[in-house]
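Let me begin by presenting the structure, written as structure tokens, before commenting on it.
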Amino acid sequence: MNQLCLYLLNQCKTLRTVDHIHACLLKTGLLSDPYIFGKLLHHCSVTISYSLDYATRLFLHYPKPNVFMYNTLIRGFSESPRPQNSITTFIEMRRESSLFSSVPPDSFTFAFLLKAAANYGSLMTGMQLHCQALIHGLDRHLFVGTTLISMYGECGRVDFSMKVFDEMLEPNVVAWNAAVTACFRGGDLESSERLFESMPFKDSTSWNLMLAGYAKAGEMEMVRKVFSEMEVKDDVSWSSMITALTQNGCFDEVFSVFMDLQRLGLRPNEVSLTGVLSACAQAGAFEFGRVVHGFVEKSGFSWIISVNNTLIDMYSKCGNVAMARLVLETMPAMKNIVSWTSMIAGLAMHGHGDEAIQLLNEMEESGIEPDRITFVPVLYACSHAGLIEQGHECFSKMKNVYNIEPSIEHYGCMVDLYGRAGDLRKAYEFICQMPVPPNDIIWRTLLGACSIHGNVELAEQVKERLSELCLTDSGDYVLLSNIYAVAGKWNNVETVRRSMTNQRIKKTPGWSMIEVDKIMYRFVAGEKQNNITKEAYDKLREIMLKLKVEGGYVPEVVGSVLHDVEDEEKEDSVTKHSEKLAVAFGMARLCKGRVIRIVKNLRICRDCHTVMKLISKVYQSEIVVRDRSRFHSFKDGSCSCRDYW
DNA sequence: CTAGGGTTAG
């Protein structure tokens, strides 16, 4: 009976099934056995991580918990969203109550407690725990010492990490590795390298952490060097490499490393898969992403939450919200806060404001509380769909129901909400009464609103604020110049242009990408000719002609280019915009009836927006453009943004 | 029956 229950417990993956075992143990009286009880507690707080509430209630009913039980609960809390509970449990453990004497902590206790302190980055707590460990004579314990090194590294005191490390009697590889990682955390690449070189022994973890460390510092040359010099590449090496490339925007390399991995007959793990899918999401590689999704299903990775969440993100960012929804609705893994937030973000990007709000409600009904990150896409959805009332409601719900202090991102969404809707005065007043100082993004949002609604005076003031912050970018100048151009103030356009030249501010080059046969093609405006661009240009010329004849197209040049030059030249530079080239290339290469999906690094311009609408009508084809800020889905002459931008 | 260092999603 004893063995059977333990066996069954190990099979339990959800709380529902644990419940049955719990009842069984209770009925047979086995639950009072400390060993059995400890197993059950461990299962609830560590193995099934989202059942900590259950574990806590279980624990409270146990008459005299031992060290193992305390350690188990502390460990569970240390990885939870509220690691502070580990400390509370420790205090409880140390308290002398009238019934029981306090339970003395051991090395396990401190390892878990320090992990908790590291996870919420509290140096004060970490130091107090360090003292406690010292009092109990456990600060010299090898495992405790190693966790101290990590904790100090996570809490931003690498100097303390080094002190602990230097005073260690016999550091092993793990301690060395912890020290190297701490140096990377502190941004001290040289110390990391020096330590790495002087290690008496290196294991594969040592190599892997060098790779990850360089990746986080953006040192991609070193990442590639480490990866090629590694004699033994394990699972983690491959997935670290893939994440390293993904995090640094080297998407082509992600795809080729992923294929190398498979070519060598190795099986990608879930981390590699999330990495590749995230690369697909960012690059807009829909076809490739679909293939990876197929692999996920076939190889039994559908149970992994993070993989599902990245699939939702991938489909959304590749323009297919319907598929994203399907993943969310059918995923076998338990939906967590990231799943819901990703989907809300997907709907927001596509301008489906009402659905985004509805999903927030569904999320709340399912028992998962939205956090500060969730509210960013929620508010974004409201502003991009013109839902002023709902935006307002969500903002106060966040503050009053969930007690979330709005951050600058939330304020930014609100400024956008008012500004985009044309209430520039309210947007401005909102900025003035914010409890945090406005940053460049806030002002830039307002500048964008001025541009949409043609408010020259406010735009000038805003530009002034931006200049004071010394954070102007080329886009701000272009925006201001366009505002002047629309108002016909050509002298001012000229002034802006000249100040750009004087300050050597270069326009960020615009590029657009399109995937054809799982290969991404990138087009840059005004790029020199090659076979690919020639093909695009030829097709584009044909398209523009047809649009003029059949669609009544007139180039909209004023708001879109910087220079006040001859009309023909203006028309020419607008024609060369990368998104037009990418679309033309897609029209030339893709079969008729296929959706043309474009990813652009900047915002799509008005003229291109008009052209896309016309193409979708004249050619009866669907075009989806993901620009810097959102999706535009063109169908039969109109856009999903309803010209709300 | 529990540990420490390396890779994952909004």
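First the proteins, then the strands, lettered A, B, ... as listed; each starts at 1.
One atom, CZ of Phe112(A), and another, C1' of dC1(B), lie 11 Å apart when rounded to the nearest Å. Note: CE (Met363(A)) to P (dG10(B)) measures 15 Å, nearest angstrom. Atom CZ of Phe301(A) is separated from atom C1' of dT7(B) by 14 Å (rounded to the nearest Å). The distance between atom CG of Leu113(A) and atom P of dG4(B), rounded to the nearest whole Å, is 13 Å.
Contacts between residues 372-383 of chain A and DNA chain B, defined by a heavy-atom separation below 4.0 Å, involve Ile373(A), Thr374(A), listed by number. Contacts of residues 183-196 of chain A with DNA chain B (heavy atom under 4.0 Å): none. For residues 137-163 of chain A, proximity to DNA chain B is found at His141(A), Leu142(A), Phe143(A), Thr146(A), Ser150(A), defined as any non-hydrogen atom under 4.0 angstrom from a strand atom.
Using a 4.0 Å heavy-atom cutoff across all strands shown, Asn308(A) reaches no nucleic acid atom at all. Across all strands, Lys216(A) comes closer than 4.0 Å only to sugar-phosphate atoms, never to a base (heavy-atom distances). Using a 4.0 Å heavy-atom criterion, one finds that Ile337(A) contacts the bases of the nucleic acid, with or without backbone contacts as well. Within the 4.0 angstrom heavy-atom criterion, no nucleotide atom of any strand lies near Asp235(A). Within the nucleic acid shown, Thr243(A) comes within 4.0 Å of sugar-phosphate atoms alone, with no base atom in reach, counting heavy atoms only. Using a 4.0 Å heavy-atom criterion, one finds that Ala212(A) contacts the sugar-phosphate atoms exclusively. Backbone-only engagement by Ser342(A) is indicated by non-hydrogen atom pairs under 4.0 Å involving sugar-phosphate atoms exclusively.
Using modelled atom types and a 3.5 Å distance limit, the side chains of Asp106(A) and Thr109(A) yield a donor-acceptor pair. With hydrogens and angles left out, the side-chain atoms of Asp234(A) and Ser204(A) include a donor and acceptor closer than 3.5 Å. At a cut-off of 3.5 Å, with distance as the only test, no side-chain donor of Asp313(A) or Thr310(A) sits close to an acceptor on the other residue.
Nearest heavy-atom pair, Cys413(A) versus Leu379(A), reported as atom, atom and distance to 0.1 Å: CB-CB, 3.5 Å.
Under the 6.0 Å cut-off for aromatic ring centres, Trp207(A) and Phe196(A) qualify, their centroids lying closer than that. You'll find the ring centres of Phe108(A) and Phe143(A) outside the 6.0 Å limit.
Considering only side-chain N and O atoms, Gln247(A) lies under 4.0 angstrom from the phosphate OP1 or OP2 of dT8(B). Taking 4.0 angstrom as the limit, Lys39(A) places none of its side-chain polar atoms (N or O) nearer than this to OP1 or OP2 of dT2(B). Here Lys115(A) reaches the OP1 or OP2 of dG5(B): one of its side-chain N or O atoms lies under 4.0 Å away.
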Residue pair Glu221(A), Lys225(A): steps toward the salt bridge (Lys or Arg N to Asp or Glu O under 4.0 Å) verdict: CA-CA 6 Å; Glu221(A) 281 318 307; Lys225(A) 188 165 176 273; over 6 Å; no
Please assess Arg325(A) against Glu355(A) for the test salt bridge (Lys or Arg N to Asp or Glu O under 4.0 Å), listing each intermediate value before the final yes or no. CA-CA 11 Å; Arg325(A) 266 212 111 108; Glu355(A) 287 177 56; 3.0 Å; yes
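When distances run from any side-chain atom of Val338(A) to the nucleotides dT2(B), dG5(B), dA9(B), the shortest one goes to dA9(B). Checking dA9(B), dT2(B), dT7(B) against the side-chain heavy atoms of Ser240(A) singles out dT7(B) as nearest.
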